Amino acid sequence: MDFAITPPPAKTVSAAMAISQFPENPKSLILHQCKTPRDLNQVHAHLIKTRLIFNPSIAENILESAALVLANSMEYAVSIFDKIAGPNSSAYNVMIRGFTYKQSPERAVALFEEMCQNSVQPDEFTFPCVLKACSRLGALSEGKQIHAQVLKLGFGLEGFVGNTLIHMYASCGGIHIAHKLFDRMPDRGVMTWNSMFAGYSRSGNWIEVTELFRKMLESGVQFDEVTMITVLTACARLADIELGKWVGDYIKANGLKRNPTLTTCLVDMYAKCGSLDLARILFDQMEQKDVVAWSAMISGYSQARKCKEALDLFHQMQAAEVDPNEVTVVSVLSSCAVLGALETGRWLHLFVKKRWVKLTVPLGTALVDFYAKCGMIDKAIEVFMEMRCKNVFSWTALIQGLASNGQGKRALDFFRQMQEENVPPNDVTFLGVLSACSHSGLVEEGRDFFVSMNRDFDIEPRMEHYGSMVDILGRAGRIEEAYQFINNMPIMPNTVIWRTLLASCRAHKNVVFGDESIKRIAEIEPLHSGDYILLSNLYASVGRLEDAMRVRSLIKEKGIKKAPGCSLVELDGVVHEFLSEDDSRSCSSEIYRATEDMINRIRSAGYVPNVEEVRLDVEEDDKEVSLSHHSEKLAIAFALIKTRPRTTIRISKNLRVCSDCHNAAKVISKVFDREIIVRDRNRFHHFKDGSCSCNDFW
DNA sequence: TTAGGGTTAG
């Protein structure tokens, strides 16, 4: 061979040198020397030249190299395999294994069938490979046929075949069969147990995972890191901090923290169980943090509604130059949605467009939810339409988004479309549907949907569904009907239900049922400041000012804290905060002046302050001033002077908008020619041209 | 030659 004279690069030398002294059994040589396709080509060429390829055992060795070396393709291996006259079971095994590992499990199963047709008897190595392929495919019926073959050929449950059979059944939805085999298994090792865990965790049966783990501990079989990973995942989903901590302590005591996957699971478990600080300590201690570790910590914050922390950590992740993946983006988007962080969310959307051509279901859904929660409902619809694949989550996000943005009828149109496309709604979808009816005053429709969810979809109404129904009736002024509805509830109504009724009583000036609601709330828990304020306003609305004052003074007497009204407005990515009657800001006089100007202008356009809801402890003359200093008015006035004409103003509020501010905002939108979007605790108000998207139902 | 794992959306 000529390259013994002129040495080519190192890698080729080793392969070539080896070839010149080809050993009797070349298996390990071929496997070790063939590291690249080029090596493989050379060895293969040599085998053909020397006719060694016709030696079945040598052909098999090169076949195995071809199946293992080339990263994503089996074509080279196929070309060798096709030239083997009468391949034996070992050759088939190599090919089946190759297909299984190289993401073509369906070809692995097909080849197994071909093997049987060619009367080549499978051996104890064939079955684990082909069963693994079935597991990957979720191919239960093929798996069952293979099981029959296993029995026919007399293989028992011992060893690998038994374990892979259990794994196959467990991961293809045949968990009961898997359990039967597991029970009959003569010698259950850690792999046997892990195969069962894999099945339960794949189907989300987290309780079964923890119960099985306790049985494993009783049995005395030593668990391993894979077991702990599955168990920790289950603890996270179940918020089972007790068992989770036990595993955590075991990991600490046995010095297993160096396994980053295991630590990531611990971080995730602590975060999902609410111990965010513990999670963060572990996370900070991790030497190597991959994208999954970062995502676990970020989603921990996001799910705990610590959205600012989630965004901060995301920025740290970018600073650490770790590339976010889909999961990261989905978590961060959901935090942006809660915060109304429009700029960051938009940036993420651009990032998604650049990075991933196809919108996946979770990504699309997170974007729909994000835009809807930022009041950009048209953009939410646009993203939804772009999604090629949608599931019940995506439809629900859109329906809820439309409902909270005051487009109840459109929400119901989408609900009908969802049914036409055969996507079955779930309990949360119905919350969106009922909320659409409530916000749009669709009483009869709401009642029909409430009946239909149980009758046609077999969904048992939860407390929230009953609450929505009370809201629908109450808002429409059908207070007595709402009261009867509560009395007929098959479950014990909670305070949310009674507070919903109380709010309706306030809106419709119904003192009788208002008093009754307060009584019922007080039976369950101490009254909130909001309850007193609603009751006080209710009395004031029917002219019982003394009672109103008495209720107000109770707040002070009992020392009940009131949550101050707070509005946020985002300008150039900076969030400004306003509190009611806030004079702490350095520019407050400027803002108060702007507020005054704003009020004067809308007064001349017909705005009349509604003093009914003003704090009753304020002196009569001051009432209108107090009204004009509600946080949303301050925020709107601030935005009016700080932004260019016609720019949309976006306000986020911690409480519900009061009726006076609602009225004022309508007039402001017309007088100043501005679209104003206010997100309150429950929903959106899009003020434009003197009216609001909520049609004054809120 | 043969088996197992973590983060995501309403």
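Chain naming here is simple, since letters A, B, ... match the order of the sequence lines and numbering starts at 1 in each. Since this is a predicted model, take the numbers as computed values, not measurements.
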Checklist entry - Between the base of B/dG6 and the side chain of A/Asp290, is there any donor-acceptor pair under 3.5 Å? => result yes
Checklist entry - Should A/Val322 and A/Asp290 count as side-chain neighbours, where that means a heavy-atom distance under 4.5 Å? => result no
Checklist entry - Does the base of B/dG10 carry an N or O that pairs as donor and acceptor with the side chain of A/Asn426 under 3.5 Å? => result yes
Checklist entry - A/Gln288 CD to B/dT7 P: how many Å, rounded? => result 20 Å
Checklist entry - Going by number, which of residues 259-274 of chain A have a non-hydrogen atom under 4.0 Å from DNA chain B? => result A/Asn259, A/Thr261, A/Thr264, A/Cys265, A/Asp268, A/Lys272
Checklist entry - Ignoring hydrogens and angles, are the base of B/dA9 and the side chain of A/Asn391 linked by a donor-acceptor pair under 3.5 Å? => result yes
Checklist outcome for this item: Among B/dT7, B/dA9, B/dT2, the one nearest any side-chain atom of A/Arg97 is B/dT2
Item to check | Pair A/Asp413 + A/Arg416: basic N to acidic O under 4.0 Å | outcome: yes
Next on the checklist: Can you identify which nucleotide, out of B/dG10, B/dG5, B/dA3, has its nearest atom closest to the A/Val428 side chain?
Outcome noted: B/dG10
Item to check | Proximity to the side chain of A/Phe125 - top-ranked nucleotide from B/dT1, B/dG10, B/dT8 | outcome: B/dT1
Checklist entry - Within this structure, what is the CG-to-P distance between A/Asn325 and B/dT7, rounded to whole angstrom? => result 12 Å
Checklist entry - For the residue pair A/Trp246 and A/Tyr250, does the interplanar ring angle fall in the parallel (under 30°), tilted (30 to 60°) or perpendicular (over 60°) class? => result parallel
Next on the checklist: Tell me the interatomic distance from A/Tyr301, atom OH, to B/dT7, atom C1', rounded to whole angstroms.
Outcome noted: 15 Å
Checklist entry - Between atom CG in A/Asn194 and atom P in B/dT2, what is the gap in whole Å? => result 18 Å
Checklist entry - Quick one: does A/Gln400's side chain get under 4.5 Å of A/Ser404's, heavy atoms only? => result no
Item to check | Between B/dT7 (C1') and A/Leu232 (CG): distance, integer Å | outcome: 14 Å
Next on the checklist: Any non-hydrogen side-chain atom of A/Lys379 less than 4.5 Å from a side-chain atom of A/His349?
Outcome noted: yes
Next on the checklist: Counting only side-chain heavy atoms from C-beta out, which of B/dG6, B/dA3, B/dG10 sits nearest to A/Phe160?
Outcome noted: B/dA3
Item to check | Evaluation steps, side chain to side chain donor-acceptor pair (under 3.5 Å), between A/Asn163 and A/Ser195 | outcome: CA-CA 7 Å; A/Asn163 285 331; A/Ser195 295; 5.3 Å; no
Checklist entry - In whole angstrom, what separates A/Phe182's CZ from B/dA3's P? => result 20 Å
Next on the checklist: Please verify the inter-ring angle class for A/Phe213 with A/Phe197; under 30° counts as parallel, over 60° as perpendicular, anything in between as tilted.
Outcome noted: tilted
Checklist entry - Hey, is the side chain of A/Thr230 poking within less than 4.0 Å of OP1 or OP2 on B/dG5, counting only N and O atoms? => result no
Next on the checklist: If the cut-off is 4.0 Å, is A/Arg237 near the phosphate of B/dT8, judged by side-chain N/O to OP1 or OP2?
Outcome noted: yes
Item to check | Whole-Å distance separating the NZ atom of A/Lys289 from the C1' atom of B/dT7 | outcome: 15 Å
Item to check | Spacing of A/Ile229 atom CD1 relative to B/dG5 atom C1', expressed in whole Å | outcome: 4 Å
Checklist entry - Given B/dT7, B/dA9, B/dG10, which nucleotide is nearest the side-chain atoms of A/Gln400? => result B/dG10
Checklist entry - Distance check: side-chain N/O of A/Gln303 vs OP1/OP2 of B/dT8, anything under 4.0 Å? => result yes
Next on the checklist: At a heavy-atom distance below 4.0 Å, what parts of residues 362-380 of chain A sit against DNA chain B?
Outcome noted: A/Pro362, A/Thr365, A/Asp369
